[in-house]
Amino acid sequence: MQAVILVGGLGTRLRPITYDIPKALVPLRNEPFIGYMIDFLRAGGVDGVVLSMGYLPDPIQEYFAGREDLKDFPIHYAVEDHPLGTAGGIKNAERYLDGEPLVVVNGDVLTGTDLSQAVELHESSDSLATITLTSVEDPTGYGLVEIDHDMLVRRFLEKPAADEVTTNLVNAGIYVLDPEVLHLIPSGQEVSIEREIFPELQAQGTLRAHISSSYWRDIGTPRSYLAASHDVLSGAVGAANGTFEYLSVHPSLVRGKNSKILPPVSVAAGCEIGHSASIGGRTSLGRGCRVGEGAVVEGSVMLDGAEVEPGAVVRGSIIGPNARVGQNAIVRGLSVLGAGCAVGEGNVLDQGIRINPGVVVPPRSLSF
Ligand code: GDD
Ligand code: MG
């Protein structure tokens, strides 16, 4: 069975990280996200994929070119020259599809759902489409799905207003589609599967639900990306091969005296941790990161080449590639630093502040 992975979105909510790295490649435990997606699909019986791409396709193709272990796993790339939306992106992949039922996934969901169960359910029904549902606390950021006692979808409402919320069940971004669904999508146009195709299938009574209670998270915001990173490190994901108290420290790590590493953590090649510095609380350090003397990094992700200078503290935040946190600065509360930016000495960043790539924040100029 083939799968289409939708990875063409701009990743707006994960900016500034996604100015430089497509959402599909943001790392979890130092493995690009799409790697988890491939594991999930293969575990569910998928034996070939089409990547439906638009924004920043090249680094994604380079990632797959480097995956020697996937050389017998067919991968095709359908690249849009302008955004075609979630249904248009599937239609654009059609030339690589075999005309059999197919799986479609949003390229930003981390899940331990049993995909083969959704496929079986689809095959045993006469519906044209089966969508997996998961429950969330606040459905307003998702596609809300009402079902009846036969698991037929009664209503599909993308991004409901707060007063339209009637259930906690939402679209998990995992579909099994009969090839006929592709006939409903016009070519070369921007079409949304959530706003146009699902309501149409629902009206025809041919959209069925598969409910999953497994781990599920959309990684598309700083909060959810960081939570996914924590979950992968603490083994909460199930299908993502997690082990509890994960500890992976590359042997090239240069460690200062009295430095502390509290698992679960992941440390990639070429990192340096200074004298009395500490990293822990579900932190990932990408390649070539540096943590200066006495600095503390907790519950955070540092991307390749990021640096935290002596005495600085980073908690629950995302430090972009080659970004620098100056001496004694404090970065906390879901702050996100873009690639190559520099936060000068003594600044305090908090409350989800985002610093764009390359920006230089002068010493002691920000204090929350
Ligand atoms: N090829 C292509 N072209 N892909 C696209 C495009 C496009 O124009 N626009 C978005 N995508 C991809 C994104 O890269 C992402 O992987 C996926 O489609 C979903 O887009 P998001 O922007 O992440 O959507 P969302 O999170 O707001 O909502 C969607 O996902 C929720 C579950 O996480 C919807 O499907 C909701 O109904 C669903 O609940
Ligand atoms: Mg999303």
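Both counts, for ligands and for their atoms, begin at 1 and track the order of listing. Just so you know, residue 1 is the first one in the sequence shown, and it goes up from there.
- With a 6.0 Å radius and a threshold of 12 heavy atoms from other residues, nucleotides or ligands, Arg223 has its CZ atom at or below the threshold.
- Heavy atoms from other residues, nucleotides or ligands lying under 6.0 Å from CZ of Arg255 number more than 12.
- Rounded to 10 degrees, the OD2-metal-OD2 angle spanning Asp218 and Asp108 at the Mg ion (ligand 2) equals 100°.
- Between Gly8 and ligand 1, a contact under 3.5 Å exists for at least one N or O pair.
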Problem set entry | Residue pair Arg324, Glu307: steps toward the salt bridge (charged side-chain N to carboxylate O under 4.0 Å, His left out) verdict | CA-CA 5 Å; Arg324 186 170 59 79; Glu307 180 176 3; 5.3 Å; no
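- Residue Phe198 does not touch ligand 1, judged by heavy-atom distances below 4.0 Å.
- Nearest to atom 23 (O) of ligand 1 among the protein's heavy atoms is Asp108 OD2, 2.8 Å.
- Note on ring orientation: taking the six-membered ring where Trp is involved, the planes of Tyr77 and Phe64 are tilted (angle from 30° to 60°).
- Between atom OH of residue Tyr63 and atom CD1 of residue Ile34 there is a gap of 8.0 Å, rounded to the nearest 0.5 Å.
- Note: Arg290 CZ to Ile273 CD1 = 13.0 Å, rounded to the nearest 0.5 Å.
- In summary, the side chains of His210 and Thr130 do not present any donor paired with an acceptor at a separation below 3.5 Å, with no hydrogens or angles considered.
- In the vicinity of Val109, heavy-atom distances shorter than 4.0 Å reach the ligand 1 atoms 33 (O).
- Within ligand 1, the atoms closer than 4.0 Å to a non-hydrogen atom of Val7 are 14 (O), numbered from 1 in the order shown.
- By the 3.5 Å distance cut-off applied to N or O atoms, Gly143 is counted among the residues near ligand 1.
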For this session: Check the pair Ser192 / Glu194 against side chain to side chain donor-acceptor pair (under 3.5 Å), numbers first and verdict last.
Result: CA-CA 5 Å; Ser192 159; Glu194 297 88 350; 3.2 Å; yes
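- Only the backbone of Leu84 comes within 4.0 Å of ligand 1, judged by heavy-atom distances.
- Proximity to Trp216 (heavy-atom distance under 4.0 Å) selects the following atoms of ligand 1: 32 (C), 33 (O).
- Taking only nitrogen or oxygen atoms, main chain and side chain alike, Pro83 does not reach within less than 3.5 Å of ligand 1.
- Taking only nitrogen or oxygen atoms, main chain and side chain alike, Thr86 does not reach within less than 3.5 Å of ligand 1.
- Here Glu31 pairs with Arg67 in a salt bridge; the nearest charged N to carboxylate O distance falls below 4.0 Å.
- For ligand 1, the atoms lying closer than 4.0 Å to a non-hydrogen atom of Gly85 are 3 (N), 7 (C), 8 (O).
- For Ser259 (side chain) and His275 (main-chain N/O), no donor-acceptor pair under 3.5 Å exists by modelled atom type.
- Remark: minimum distance from atom 26 (O) of ligand 1 to any protein heavy atom is reached at Asp218 OD2, 2.9 Å.
- Residue-to-ligand polar distances place Gly9 within reach of ligand 1: an N/O pair is separated by less than 3.5 Å.
- With no hydrogens or angles considered, no side-chain donor-acceptor pair links Asp138 and Tyr142 at under 3.5 Å.
- Rounded to the nearest 0.5 Å, atoms CD (Glu190) and CD (Glu196) are 8.5 Å apart.
- Comparing Glu158, Arg195, Glu190 by heavy-atom distance to atom 37 (O) of ligand 1, the nearest is Glu158.
- Scanning all protein heavy atoms for the shortest distance to atom 38 (C) of ligand 1 gives Asn171 O, 3.3 Å.
- For the pair Val170 and ligand 1, the shortest N or O to N or O distance does not fall below 3.5 Å.
- What sits closest to atom 30 (O) of ligand 1 on the protein, heavy atoms only, is Asn106 ND2, 2.9 Å.
- If you look at Phe40 and Trp216, their ring centroids are not closer than 6.0 Å.
- What sits closest to atom 34 (C) of ligand 1 on the protein, heavy atoms only, is Glu194 OE2, 3.2 Å.
- Distance remark: protein heavy atom present below 4.0 angstrom from atom 8 (O) of ligand 1.
- Given atom 15 (C) of ligand 1, the protein heavy atom at minimum distance is Leu6 O, 3.7 Å.
- In terms of polar-atom proximity, Gly54 is not counted as a contact of ligand 1, lacking any N or O under 3.5 Å from an N or O of the ligand.
- Of the polar atoms of Tyr142, none of the N or O atoms is found under 3.5 Å from an N or O of ligand 1, judged by distance alone.
- Distances below 4.0 Å separate heavy atoms of Lys159 from the following atoms of ligand 1: 25 (P), 27 (O), 28 (O).
- Near Arg13, with a cut-off below 4.0 Å to any heavy atom, the atoms of ligand 1 are 21 (P), 22 (O), 23 (O), 24 (O), 25 (P), 26 (O), 27 (O).
- When all heavy atoms are compared, the tightest approach of Leu128 to Thr206 is N-OG1, 2.7 Å.
- Each of the following atoms of ligand 1 lies closer than 4.0 Å to a heavy atom of Lys23: 23 (O).
- Among protein heavy atoms, the minimum distance from atom 1 (N) of ligand 1 is reached at Glu80 OE2, 2.7 Å.
- Donor-acceptor pairing under 3.5 Å is recorded for the side chains of Asn30 and Ser266.
- Between Arg154 and Asp148 there is no salt bridge, since no side-chain nitrogen of the basic residue lies less than 4.0 Å from a carboxylate oxygen of the acidic one.
- Each of the following atoms of ligand 1 lies closer than 4.0 Å to a heavy atom of Tyr175: 35 (O).
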